[in-house]
Amino acid sequence: MSQSTMFTKVSYSAPPQVWFGVSAVFHYLGPSFAVLLFPAVGVPGVAWMRIASAAAIFAPWTKPWRTVREAAPRTRLLLVGLGACLAVMNTSFYLALDRLPMSLVAAMEFVGTIGVALYGLRSTRNFAALATAVFGVFLLIDVKWSSDPLGLFWAFLNGALFVGYIVLGHKISEGGASGGIERLGAAMAIAFLFIIPIGFVQAVKAFGAAELVLAGVAVGACSSVIPYVCDQLAMSRLPRASFAVMLALLPATATLIGIIVLAQIPSARDVIGVLLVMFGVAIHKRAGPEAPISEVESPLT
C-alpha cells in the first residue's frame, strides 16, 4: 500500500468517532505533561519543544519540503495560515493555562466551536443535539470569571485560533486523510519556523537534561502528533459542523481520564453532564452522505 493512500484507507478501517475518541484522550494527556514542564522550561519553551518535536516526528514520513514544493499557490497559502495558527494557538493555550484554571480555558475554547457547529447545522434534530451537548458541558465545567485580563486575553486568543484550526484543518483534509496528513506535516514544519523566535531561548535550558528533552518529545507526540493525525482521520470523513459538535465530548473525556488516571470521583452533576454530552452527540445526524474512498483521494487544488 503506497503512503499516498495508506492513511485514507486507514481512516475507513474504523468509524470516524473512534479516531475522534483517540484524539480526545490525548487532547488532555498532552497538556498534563506540558504543565509539569512549565517550572523547568518556561511556558514559551514548552510550546517550542512541543512544536519542534512534532515537526521532527512528522518530517521523515510526510516530507514537508516536497509537499510545499509541489503545492499550488493557494495550497501554500493555506499551509502557511495553518502553520501560523498552530504556532500561536499552542503558545497562547499554554500561556492561558499558566494563569487561569483549566475549566475556564476549556470553556472559552469550546464556545468558539459552537459557532462552527451552528454554521453547518440545518435541522431541528441537530440544533437539539447541539443544545443538549452544550448544556452538558455547562454542567461539567464550573465556569468562573477571572480578574486576570492578560490570562483572559490568551484564553480568548486560543479559543479564536482553535476555530481557525478546525476550519483550516478540515480544509486540508478535503483530499482524503493521506493528503491531509502530508499537508499537516508541512504546516507543522511552517509552525516550527514561526515558533523559533518565541521560545527557543527558554527551551535551550532543557537541552542539558535528557529527561527534560524526552518529556518535551512526549509533549509533542501526545499533543501535536497523535491527536492531530487522528483529527485528520476523522475530519476527512465528517462534515465540519459534525466534527465541531463532537468537540463537546472533550469535557466528558477529561472527566473519564480524571476517574481512571487521577482517581477523581465525579459528582452527580458531573455524571449528568457526561450523559447529556454523550446523548447530544449520539442523536446528532450528519448533514450529508459519506464520500467513498475514490472521491476523497482527489488532490487538493
How long is the gap from CZ on R183 to CD1 on I190, to the nearest 0.5 Å? 12.5 Å
So do the side chains of L184 and I172 get within less than 4.5 Å of each other, counting heavy atoms only? yes
Rounded at 0.5 Å granularity, tell me how far CG in L79 sits from CD in E182. 11.0 Å
Has the side chain of T75 got a donor or acceptor atom that lies under 3.5 Å from a matching backbone atom of A71? no
Where K171 and R74 come nearest, the two heavy atoms and their spacing: NZ-NH2, 3.9 Å
Take L86 and M188 through the side chain to side chain contact (heavy atoms under 4.5 Å, CB included) test and state the conclusion after the steps. CA-CA 7 Å; L86 290 172; M188 193 62 68; 3.9 Å; yes
May I ask you to decide if the ring planes of Y165 and F162 are parallel, tilted or perpendicular, using 30° and 60° as cut-offs? parallel
Do you know the tightest heavy-atom contact between A203 and V41? CA-CG1, 4.0 Å
When you group the ILVMFWY residues by side-chain heavy-atom contacts below 4.5 Å and let the links chain together, are W65 and I196 in the same group? no
Checking the side chain of R50 only, and the main-chain atoms of N90 only, is there a donor and an acceptor separated by less than 3.5 Å? no
Once rounded to the nearest 0.5 Å, what's the spacing between atom CZ of F153 and atom OG of S92? 8.5 Å
Report the distance from atom OG of S236 to atom CD of E174, rounding to the nearest 0.5 Å. 11.0 Å
Just verifying a value: how many Å separate Y228 OH and L233 CG, rounded to the nearest 0.5 Å? 15.0 Å
Could you pull out the closest heavy-atom pair between A87 and A191, with the gap in Å? CB-O, 3.7 Å
Under 4.5 Å between side-chain heavy atoms, counting indirect links through other Ile/Leu/Val/Met/Phe/Trp/Tyr residues: same cluster for L95 and F93 or not? yes
Give the ring-plane orientation class for W48 versus F207, where under 30° counts as parallel, over 60° as perpendicular and anything between as tilted. tilted
Could you tell me which non-hydrogen atom of Q202 sits nearest to which non-hydrogen atom of K205, and how far apart they are? O-CG, 2.9 Å
For S23 and D231, the nearest pair of non-hydrogen atoms, with its separation, is OG-OD1, 2.7 Å
Which pair of non-hydrogen atoms, one from P227 and one from A221, has the smallest distance, and what is that distance? CD-O, 3.9 Å
Side-chain heavy atoms nearer than 4.5 Å, only ILVMFWY residues, links allowed to pass through others: does that put L214 and F26 together? no
Just how far is it from atom CD of Q17 to atom CZ of R237, taken to the nearest 0.5 Å? 8.0 Å
Keeping Q232 on the side-chain end and S178 on the backbone end, is there a donor-acceptor pair under 3.5 Å? no
Report yes if the side chains of P149 and L152 come closer than 4.5 Å at any heavy-atom pair, otherwise no. no
Flag yes if I181 and M6 sit in one hydrophobic cluster, no otherwise; membership is Ile, Leu, Val, Met, Phe, Trp, Tyr, and two members link when side-chain heavy atoms are under 4.5 Å apart. yes
Measure the shortest side-chain to side-chain distance between P15 and F20 over non-hydrogen atoms and say whether it is less than 4.5 angstrom. no
Does one hydrophobic cluster hold both L37 and V201, with members joined at side-chain heavy-atom distances below 4.5 Å? no
Quick one, Y94 with S223, criterion side chain to side chain contact (heavy atoms under 4.5 Å, CB included). Give me CA distance, side-chain angles, the key distance, then yes/no. CA-CA 12 Å; Y94 287 165; S223 299; 4.0 Å; yes
Does the side chain of T91 come within less than 4.5 Å of F194's, by heavy atoms? no
